[in-house]
Amino acid sequence: MQTEFFLIPLDELKPHVDPLAGTLWQCDPIQKKAVLDAVQNGEFDTRYWDDEKDDLVGRIGHSFHARRIANFVANGPPVDEYSIQLFLGEASAVGVGVTVNNGNHRIAAAILRGDKTVRALLYFSQIEVPYQYFPGAFPTALRAHV
């Protein structure tokens, strides 16, 4: 398995990933208005999803996600070990595709901000695999040491 950071065009990522749908978090869809209201009111949540997920179901979870995304909309994503991480299966394999290992809130914020690209750590088997999913992607100068 190879790992490398890439800049991914958001328009090429969105067909594979939709964190705003709420499906992953088992909550109602996250509406842009809820996130923008949280930004306007300074209601940010900085807790990590992995630390809180067992306690965040239903409305409580929905509110958390809107405020977590709002934090990244207002402040941008921090540069930390919790980068956007995408596992890329072989594009030719049935039922295999793009899986978000980490970074759904950051991806949602990038969508709402209208970013053109996101920086993501990609996990893949062969160098051509990232380009099968994201033809406009390009590796960044920083290499992953995972």
Side-chain angles (χ1 to χ4, degrees), residues 1-32 34-36 38-39 43-58 60-146:
M1 182 71 55
Q2 299 179 50
T3 58
E4 190 166 346
F5 282 103
F6 277 75
L7 282 179
I8 308 293
L10 203 51
D11 286 342
E12 294 177 8
L13 178 60
K14 287 191 291 190
H16 303 284
V17 176
D18 186 8
L20 294 168
T23 308
L24 169 75
W25 299 314
Q26 299 176 357
C27 69
D28 291 337
I30 310 297
Q31 301 298 322
K32 182 176 184 175
V35 175
L36 296 180
V39 170
E43 297 172 348
F44 305 127
D45 205 313
T46 58
R47 296 175 292 167
Y48 292 106
W49 167 243
D50 286 341
D51 296 340
E52 305 297 329
K53 65 184 172 188
D54 294 335
D55 298 325
L56 297 173
V57 279
I60 296 169
H62 186 274
S63 176
F64 166 82
H65 296 300
R67 291 190 320 266
R68 179 92 170 126
I69 295 165
N71 179 51
F72 293 136
V73 167
N75 302 309
V79 178
D80 58 16
E81 73 258 29
Y82 300 101
S83 62
I84 296 170
Q85 298 175 16
L86 306 173
F87 174 81
L88 306 180
E90 298 294 330
S92 61
V94 176
V96 177
V98 178
T99 303
V100 180
N101 292 345
N102 194 61
N104 280 294
H105 295 103
R106 296 161 198 246
I107 293 168
I111 291 168
L112 293 178
R113 280 193 312 264
D115 294 359
K116 299 295 183 204
T117 60
V118 293
R119 183 175 177 266
L121 178 60
L122 304 185
Y123 296 80
F124 52 92
S125 61
Q126 298 175 20
I127 192 60
E128 43 299 324
V129 171
Y131 304 106
Q132 292 170 348
Y133 290 103
F134 315 118
F138 59 93
T140 65
L142 299 174
R143 298 263 176 194
H145 298 287
V146 178

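Here, residue 1 is the first one in the sequence, and each next residue gets the next number.
- Side-chain contact check for Trp25 versus Ile30: some heavy-atom pair is nearer than 4.5 Å.
- The nearest pair of heavy atoms linking Arg113 to Pro77 is NH2-CD, 3.9 Å.
- Taking the six-membered ring wherever Trp is involved, the centroid distance between the rings of His65 and Trp49 falls below 6.0 Å.
- Remark: Leu24 engages Asn104 in a side chain to side chain contact (heavy atoms under 4.5 Å, CB included) (not counting sequence neighbours).
- How far CD of Gln31 is from CG of Leu112: 10.0 Å, rounded to the nearest 0.5 Å.
- Residues Ile111 and Pro19 share a closest heavy-atom pair of CD1-CD, 4.4 Å.
- With values rounded to the nearest 0.5 angstrom, Gln26 atom CD is found 14.0 Å from His62 atom NE2.
- Residue Leu7 holds its CG atom at 4.0 Å from CZ of Phe138, rounded to the nearest 0.5 Å.
- Taking the side chain as every heavy atom from C-beta outward, Phe5 and Ser83 approach each other to under 4.5 Å.
- The two residues Gly103 and Ile84 come nearest to each other via the heavy atoms O-CG1, 4.0 Å.
- Between atom NE2 of residue His105 and atom CZ of residue Arg67 there is a gap of 10.5 Å, rounded to the nearest 0.5 Å.
- Among residues two or more places apart in sequence or in another chain, the side chain to side chain contact (heavy atoms under 4.5 Å, CB included) test is passed with Glu12 by Pro9, Phe134, Pro135.
- For Asp18, there are no side chain to side chain donor-acceptor pair (under 3.5 Å) partners two or more places apart in sequence or in a different chain.
- Between the His16 side chain and the Thr99 main chain, no donor and acceptor come within less than 3.5 Å of each other.
- Residues Asn101 and Leu121 fail the side-chain proximity criterion, which asks for heavy atoms closer than 4.5 Å.
- Contact detail for Gly89 and Tyr133: the closest heavy-atom pair is O-OH, 2.7 Å.
- Nearest heavy atom pair, residue Ser125 against residue Gln2, reads O-NE2, 3.3 Å.
- Evaluation of the ring-ring contact (aromatic ring centres under 6.0 Å, His included) rule for Tyr131 yields Phe6 as partners, not counting sequence neighbours.
- Counting only heavy atoms from C-beta outward, the side chains of Val100 and Leu86 approach each other to under 4.5 Å.
- Here the side chains of Thr117 and Ile8 are not in contact, with every heavy-atom distance at 4.5 Å or above.
- In this structure, Lys32 and Val35 have side chains that are not in contact, with every pair of non-hydrogen atoms separated by 4.5 Å or more.
- Scanning for side chain to side chain contact (heavy atoms under 4.5 Å, CB included) contacts around Lys116 gives an empty result, with sequence neighbours left out.
- Minimum interatomic distance between Phe44 and Val39 (heavy atoms only, all atoms of both residues): CE2-CA, 3.9 Å.
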Exercise answer: donor-acceptor pairs, residues 68-76 side-chain atoms, under 3.5 Å, sequence neighbours excluded:
from, atom 1, to, atom 2, distance (Å)
Arg68, NE, Arg47, O, 3.1
Arg68, NH1, Thr46, O, 3.3
Arg68, NH1, Arg47, O, 3.4
Asn71, OD1, Asn75, ND2, 2.8
Asn75, ND2, Asn71, O, 3.2

